[in-house]
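Notes for the one structure printed next.
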Amino acid sequence: MFVRELMIQDVAIVSPDMSINKALELMDQKRIRHLPVLDETRRLVGFVSRQSLVSATPSASAALSSWEVKYVLNKLKIKDVMKTDLLTVSPDAPLEEAAAILSDNKISGLPVVEAGKLVGIITDTDIFRVFTTLMGARRDGVRATVVIAGVKGTLAQIAAAIAGAGGDILTCSAYQDEQGQWHLTLKVADISREQLRSILLGLHSIVEKIIDLRDSSAIKPS
């Protein structure tokens, strides 16, 4: 999956000279958390999040009247608070690249730039939405997490055993922990929890430990 498949293309934008107050109103109206900042030539020059704008507003301890707070917010401009050392991502970048940039830099949104032009935004919410699909959260099944041998052909053997019992693997993901052990998480349909337990125990040469095994109902969108 690539960034262009998931990015928001209908992007609200602001100018460096827009007031913080107007930008917050735009965010409330559009129900968004990020705004790219474009100059008069439509060049991307900055990026702001709702958190950064709120952080720039006077706190309750400032003991200002509501009129004074509004005055300050109208005087403060986007250019006064925008992030200018921009991190961006290409629309053709793999989704995991965008996820790594967001995670490594502890940020919640990225401008998507192609040939020097802003073409979209991708956010942590978009990544989470894909994560729910990749982990099978929207489908019923049996979920298992096991420790597996780190040898070639392990996944093929597990998949063959499940298919041979009539099971359908909905999702499959693996990672290596800090101790070097490989953990595999599966969500399987069309077989029972006990059937899956029996299959995994029968693969004792490659399935070293069953960490978790449970029936997992689909989580409906709220």
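- Taking each heavy atom of Val3 and Ser90 in turn, the nearest pair found is CB-O, 3.6 Å.
- Between the OG1 atom in Thr88 and the CG atom in Leu86 there is a gap of 7.5 Å [rounded to 0.5 Å].
- The structure places CE of Met135 at 11.5 Å from CG of Leu170, a figure rounded to the nearest 0.5 Å.
- Residues Leu196 and Leu184 fall within the same hydrophobic cluster, defined by Ile, Leu, Val, Met, Phe, Trp and Tyr side chains chained together at heavy-atom separations under 4.5 Å.
- The nearest pair of heavy atoms linking Val89 to Ala98 is CG2-CB, 4.3 Å.
- Among all heavy-atom pairs drawn from Leu118 and Val11, the shortest one is CD2-CG1, 4.4 Å.
- Counting non-hydrogen atoms of neighbouring residues, nucleotides and ligands closer than 6.0 angstrom, the CG atom of Asp212 exceeds 12 such neighbours.
- For the 3.5 Å distance criterion, the side chains of His34 and Thr123 fail to qualify, holding no donor opposite an acceptor.
- The CG atom of Leu201 lies 9.0 Å from the CG atom of Leu213; values are rounded to the nearest 0.5 Å.
- Summarising the geometry of Leu6 relative to Arg129, their closest heavy-atom pair is CD1-NH2, 3.8 Å, with the distance given to 0.1 Å.
- Note that NZ of Lys106 is 14.0 Å distant from CG of Asp124, once rounded to the nearest 0.5 Å.
- Separating the CZ atom in Arg193 from the CD1 atom in Ile191 is a distance of 12.5 Å, to the nearest 0.5 Å.
- In this structure, the side chain of Asp126 does not engage the main chain of Met7 through any donor-acceptor pair within 3.5 Å.
- The CH2 atom of Trp182 sits 9.0 Å away from the CG atom of Leu155 when rounded to the nearest 0.5 Å.
- Between Lys187 and Asp168 no salt bridge is recorded (no basic side-chain N to carboxylate O distance below 4.0 Å).
- Within the 3.5 Å criterion, the main-chain N or O of Ser49 finds a donor-acceptor partner in the side chain of Ser52.
- For the pair Lys22 and Asp17, the salt-bridge criterion is not met [side-chain N within less than 4.0 Å of a carboxylate O].
- Between the side chains of Thr145 and Thr185, at least one donor N or O lies within less than 3.5 Å of an accepting N or O.
- The backbone N or O of Ile219 sits less than 3.5 Å from a side-chain atom of Arg138, completing a donor-acceptor pair.
- Of the N and O atoms on the side chains of Arg139 and Thr171, not one donor lies less than 3.5 Å from an acceptor on the other residue.
- Applying the 6.0 Å contact sphere to CD of Glu96 captures more than 12 heavy atoms from other residues, nucleotides or ligands.
- Not one N or O on the side chain of Gln157 forms a donor-acceptor pair closer than 3.5 Å with the backbone of Thr154.
- Although no hydrogens or angles enter the test, the distance criterion places no donor-acceptor pair under 3.5 Å between the side chain of Asn105 and the main chain of Ile107.
- Of the possible donor and acceptor atoms, none in the side chain of Gln29 sits under 3.5 Å from a partner among the backbone N and O of Leu26.
- Scanning both residues, Leu44 and Pro36, for their nearest heavy atoms gives CD1-CB, 3.8 Å.
- In this structure, Val37 and Pro16 approach most closely via the heavy-atom pair CG1-N, 3.5 Å.
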